Amino acid sequence: MQDDAKPAAPASGRQYHHGNLRAALIEAAEAELTEKGVEAFSLRGVAKRAGVSHAAPAHHFIDAGGLLTALAAEGFARFLESMRAAQRTAAPDPVAQMNAAGQGYLDFAARSPALFRLIFSSDRPDFADPALDKAASASFLHLVEGVRRLRGDTGAASLAGLLQDESLMAEVAGIWSVVHGMADLMNSGRLKYLQGKPPEFRQKILAEVLRRLSAP
């Protein structure tokens with residue numbers, strides 16, 4: 001009889017140790033999500049894709065929602081890194097940095113549409129989970145700090161305090177809505193004007209939209 005505490009050997013011949021099974025399941029979960037969507041997502045399907053026993057995921061995740069929660073936390077971390085990666089190649093002034101962050105936002109949405117929908121449009125992840133809450137909050141704070149730099153505000157402040165600044169939050173909501181809307185419309189194929197255009201053209205349009213939004 002097979003011991004369910006140890007994952008079965010995958011068809012590919014790979015062997016998973018208990019320590020890296022969690023990472024392997026998250027990787028398989030993203031592939032399952034991409035292929036089948038969140039509605040048809042299941043632990044059984046992920047286990048089969050990872051080449052482990054059906055019981056193996058239970059050692060790390062209570063149910064499919066738990067695995068999607070972990071995947072969402074990973075998604076937010078990659079989303080934040082996509083923005084930061086674009087900013088590292090941009091000029092250091094606040095406007096260029098905000099434009100670059102927006103470009104990184106669009107890049108992530110185009111590169112990982114299923115993950116993008118999971119972290120922004122699905123109610124299956126548990127956003128009260130500490131790890132997911134921390135990852136999501138870090139991404140939001142990155143946007144807030146970018147808007148603060150646009151406003152010339154560089155003083156130290158807590159997120160709780162910043163949330164009480166109605167003027168700041170209005171500007172954050174405006175910029176976020178525009179960039180997210182562009183990403184969502186492009187992924188759904190509705191923003192046909194930008195479909196198939198090179199990244200430089202998309203970046204130019206985004207910069208112009210943000211310039212108009214931030215104009216006095």
Side-chain angles (χ1 to χ4, degrees), residues 34 38 72-123 125 127 132-155 157-216:
T34 299
V38 70
E74 169 70 15
F76 270 113
R78 284 163 49 184
F79 167 64
L80 178 56
E81 175 54 28
S82 181
M83 291 189 287
R84 286 175 169 165
Q87 288 175 302
R88 285 194 287 269
T89 63
D93 65 274
V95 173
Q97 285 293 296
M98 179 56 71
N99 289 339
Q103 186 60 48
Y105 198 120
L106 297 183
D107 290 343
F108 174 81
R111 192 167 52 241
S112 305
L115 205 50
F116 181 75
R117 286 192 296 273
L118 177 69
I119 66 176
F120 285 117
S121 304
S122 176
D123 60 1
F127 281 85
L132 177 52
D133 178 66
K134 181 179 180 181
S137 295
S139 296
F140 178 67
L141 184 58
H142 189 71
L143 169 61
V144 173
E145 290 298 340
V147 175
R148 289 184 71 207
R149 286 191 289 272
L150 281 177
R151 294 157 60 102
D153 184 359
T154 58
S158 67
L159 179 57
L162 294 173
L163 290 173
Q164 301 304 312
D165 186 336
E166 293 184 6
S167 175
L168 172 63
M169 287 300 109
E171 194 164 349
V172 167
I175 290 176
W176 188 9
S177 298
V178 166
V179 179
H180 186 85
M182 286 183 66
D184 195 48
L185 287 169
M186 289 178 64
N187 274 1
S188 64
R190 296 295 188 270
L191 201 57
K192 298 185 183 300
Y193 174 64
L194 294 181
Q195 298 303 120
K197 295 291 195 303
E200 311 82 64
F201 182 82
R202 188 176 62 188
Q203 186 171 9
K204 178 182 177 181
I205 296 300
L206 176 61
E208 177 61 17
V209 171
L210 292 178
R211 184 192 68 79
R212 295 184 183 189
L213 189 65
S214 301

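Please read these numbers as outputs of a predicted model, since none were measured by experiment. Residues take their numbers from the sequence shown, with the count starting at 1.
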Exercise. Who passes salt bridge (charged side-chain N to carboxylate O under 4.0 Å, His left out) against Glu74, sequence neighbours left out?
Worked result: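 With neighbours one apart ignored, the set is empty.
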Exercise. Glu208: what forms a salt bridge (charged side-chain N to carboxylate O under 4.0 Å, His left out) with it, not counting sequence neighbours?
Worked result: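 By the salt bridge (charged side-chain N to carboxylate O under 4.0 Å, His left out) rule, Glu208 matches Arg211, Arg212.
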Quiz: residues 90-97 side-chain donor-acceptor pairs under 3.5 angstrom, not counting sequence neighbours:
residue: Asp93; atom: OD2; partner: Val95; partner atom: N; Å: 3.3
residue: Asp93; atom: OD2; partner: Ala96; partner atom: N; Å: 2.9
residue: Gln97; atom: NE2; partner: Gln87; partner atom: O; Å: 3.0
residue: Gln97; atom: NE2; partner: Ala91; partner atom: O; Å: 2.9

Problem set entry | Heavy atoms of other groups near Lys197 NZ, more than 12 under 6.0 Å |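 Atom NZ in Lys197 is packed in, count exceeds 12.
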For this session: Kindly state each residue pair satisfying salt bridge (Lys or Arg N to Asp or Glu O under 4.0 Å) with at least one member in residues 95-110, sequence neighbours excluded.
Result: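 For residues 95-110: Asp107-Arg202.
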Exercise. Does Ser112 have any side-chain contact (heavy atoms from CB on, under 4.5 Å) partners at least two apart in sequence or in another chain, and if so, which?
Worked result: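 Partners of Ser112 by the side-chain contact (heavy atoms from CB on, under 4.5 Å) criterion, ordered by chain and then number, come out as Glu30, Arg78, Phe108, Leu115.
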Measure the shortest side-chain to side-chain distance between [X] and [Y] over non-hydrogen atoms and say whether it is less than 4.5 angstrom.
X      : Y      : result
Arg117 : Asp184 : no
Ile175 : Leu150 : yes
His142 : Arg84  : yes

For this session: Quick one: closest heavy-atom pair of Ile205 and Met182, and the distance?
Result: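 Where Ile205 meets Met182 most closely, the heavy atoms are CG2-CE, 4.5 Å.
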For this session: Specify the closest pair of heavy atoms between Leu118 and Pro125, including all atoms of both residues, with the distance to one decimal.
Result: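 Of all heavy-atom pairs spanning Leu118 and Pro125, the closest is CD1-CG, 3.6 Å.
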Show the atom names and distances, to 0.1 Å, of all donor-acceptor pairs under 3.5 Å that link a side chain in residues 189-196 to residues at least two apart or in another chain.
residue: Arg190; atom: NH1; partner: Ser188; partner atom: O; Å: 3.1
residue: Lys192; atom: NZ; partner: Gly189; partner atom: O; Å: 3.3

For this session: May I ask you to decide if the ring planes of Tyr105 and Phe120 are parallel, tilted or perpendicular, using 30° and 60° as cut-offs?
Result: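 Tyr105 vs Phe120 ring planes: parallel.
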